[in-house]
Amino acid sequence: MANITSILKEDRRFEPPRAFAERAHVGDLAAYHAAYRESLEAPDEFWGRIANAFRWTKPWTEVLDWSAAPFARWFVGGETNITDNCLDRHLATARRDKIAILWEGEPGDVRVFTYAELHREVCRFANALTRLGITKGDTIVLYMPMVPELAIAMLAAARIGATHSVIFGGFSATAVRDRVNDCGAKIIVTADGGYRRGQVVPLKAAVDEALLAGCPTVERVVVLSRTKTETAWVTGRDVHWADAVAGVSTDCAPVAVDSEHPLFVLYTSGTTGKPKGVVHTTGGYMVGTAYTSKLVFDLRDDDVYWCMADIGWVTGHSYVVYGPLANGATTFMYEGAPNFPEPDRFWKMIAKHRVSIFYTAPTAIRAFMRWGDAWPSQHDLSSLRLLGTVGEPINPEAWIWYRQKIGGERCPIVDTWWQTETGAIMISPLPGATPTKPGSATLPLPGIVPEVVDKDGHAVPDGSGGFLVIRRPWPSMLRTIHGDPERYQKQYWSQIAGAYFTGDGARCDADGYFWIMGRIDDVINVAGHRLGTMEIESALVAHPAVAEAAVVGRPDELKGQGIVAFVTLCAGRSVSQSNGAAQKMADELKSHVAKEIGAIARPDEIRFTDALPKTRSGKIMRRLLGDIAANRGTTGDTTTLEDLSVLAKLREQDEE
Ligand code: PRX
């Protein structure tokens, strides 16, 4: 550690390694600046040229229509199909027999799909969907483990102009029901189960429970057999994946859709109790994810690229599936946990498959650090040439460890800042061009205009903290919130006039480098997973014993943030410390939240209080609660009934 501390003290910059820069798509800072300048001065030419590298069945007439801002239309009037660009386009080239998807299951099974094979499987499932009654404009939900069929199903939907909505396999039946009903899905594609840490995650059972609770739009459930687990079966509704594809043709012409045709809806947590369905469309998303994949990951034809995100999150959509495939890359997918059967599983797979680019989250890096250097050091990681991180601010210690122990001091690190809403990476080093500073996402990508502002929208001086906003529209931006355009407008484009409001705090240094400080709204980031505090509060108050709840994040060494819930119980339900009733109730409430949302939202700590501290106008004093939560460790009795009213009185003026 002494070594790491001294490096940090020097506030070091790391220049792109010369050997890397020499072969990179963008090989020096001047080239980056030139591209950035052009993207601002002549955005239509800039984006138009990038988009022209794709196949369009009908050319667009205008790059951007911003006349109905904040509702954007990109590549106006153009028609394309993203799977034509991710698959068919490569078939006439040497990439035809190149590996598109290389997959390893948690038990160790390996499957490989060349571009030609992936194309065939996508066509087959697209035809199966058609046979099940899906047509252009319909929505299908995918609730699956990390198996190749998940990517195949997404691409199959896109091929016939259906919109997909992937729900992360860790979400509960209640969460599935809410999302299915919000997007009005006609079909759910799921699996009997998936493997995680040696256990079977029962996905079909959760779908059955969701449907039992009421999902009136769902007509059919397609079930992939992954774990060979027995599941309940509803005849006429449920169909095995194998039967769905039996006898269908492997030819399926891509259906041309408008640039603005919705490709997917992905639910993410916001500042209310209800997750929002972020809508991404076709043309701009394709251009944005493909362009950023190529630049940030410096993708080359001989790379084996591994983004470890689950496809249930936006990172998996953009950087496991669409971005890499649009570039004709080999994308590696892994089904299970990083520490199964041992904490060196990732390093073993990197050595085995000769992975050259590895993209993960700071939480995972901190877990690897905790598990010890001996695990990676046993393996040959010399195939790696580039490392990436995403999802939360990375602490410089983790950054340096990643560089030394995984990257062998040889690999550049790209710390990529973006969001579900942005669709693609916004701020990141270009690995052959941008000097890096541990903890900073560095500079905006071409076409992206971020700024740190005060609450009136004025730029703050270098080094000062403020709100991170984006000044101009960009191709892969979200277009709306499904079914709630008003919320889209209000949430993202009204807080600072004329700018996209990210919800993040940041500062910009004298070199123009961005340092993301984390969320400034009621969203918390737990192990790189985004959760709304209101969402967890809604789950808590749905429990019959709970009168009121306030949820805050507190710093957590491993997960970035942990979840602390302050709870007031209903009259007559109060719990006493003496007989362990408080602990029992706390455990019950934690399980209740896990059932309502999913295990990722399970509070780390429940603290009972007689009343929640509020300002005179009735606002819960979250800052006070956050301070209280942060000052108390996880040890000791965490459920003590506390009297927050005195503190609240002391702090009231401060909050109002
Ligand atoms: O707070 C920022 C944090 O993650 C949020 C977006 O979460 P989500 O939509 O789930 O997408 C995660 C993957 C793109 C942001 O508002 N965040 C993401 N990347 C970084 C980050 N914070 C700091 N540094 C990053 N590189």
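Counting starts at 1 for both ligands and their atoms, following the listed order. As a basis for the values below, the full set of heavy atoms in this structure was taken, side chains included, without hydrogen atoms, waters or symmetry mates.
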(Q) Any carboxylate oxygen within less than 4.0 angstrom of a Lys/Arg side-chain nitrogen, looking at R366 and E557? (A) no
Q: For the pair R403 and E409, find out whether any cationic side-chain nitrogen is under 4.0 Å from an anionic carboxylate oxygen.
A: yes
Show the short N or O contacts, below 3.5 Å, that ligand 1 makes with protein N or O atoms; if there are none, say 'none'.
unit_1   : atom_1 : unit_2 : atom_2 : d
ligand 1 : 1 (O)  : D504   : OD1    : 2.7
ligand 1 : 1 (O)  : D504   : OD2    : 3.2
ligand 1 : 4 (O)  : G391   : O      : 3.2
ligand 1 : 9 (O)  : T420   : N      : 2.8
ligand 1 : 9 (O)  : T420   : OG1    : 2.6
ligand 1 : 9 (O)  : R530   : NH1    : 2.7
ligand 1 : 16 (O) : Q419   : NE2    : 2.9
ligand 1 : 16 (O) : D504   : OD1    : 3.1
ligand 1 : 16 (O) : D504   : OD2    : 2.8
ligand 1 : 16 (O) : R519   : NH1    : 2.8
ligand 1 : 17 (N) : G391   : O      : 3.4
ligand 1 : 19 (N) : G391   : N      : 3.1
ligand 1 : 22 (N) : P393   : N      : 3.4
ligand 1 : 24 (N) : E392   : O      : 3.3
ligand 1 : 26 (N) : D415   : OD1    : 2.7
ligand 1 : 26 (N) : T416   : O      : 2.7

Q.
Do the side chains of K276 and D182 get close enough for a salt bridge, i.e. N-O under 4.0 angstrom?
A. no
Q) Which pairs count as side chain to side chain donor-acceptor pair (under 3.5 Å) when at least one residue sits in residues 446-465, sequence neighbours excluded? A) E451-R471
Residues 410-418, side-chain donor-acceptor partners within the protein, below 3.5 Å, at least two apart:
unit_1 : atom_1 : unit_2 : atom_2 : d
R410   : NE     : L384   : O      : 3.3
R410   : NH2    : L381   : O      : 3.1
R410   : NH2    : L384   : O      : 2.9
T416   : OG1    : Y359   : OH     : 2.6
T416   : OG1    : T389   : O      : 2.9
W417   : NE1    : D504   : OD2    : 2.7
W418   : NE1    : Y359   : OH     : 3.2

Q: Using the test salt bridge (Lys or Arg N to Asp or Glu O under 4.0 Å), find all partners of R507 that sit at least two apart in sequence or belong to another chain.
A: none
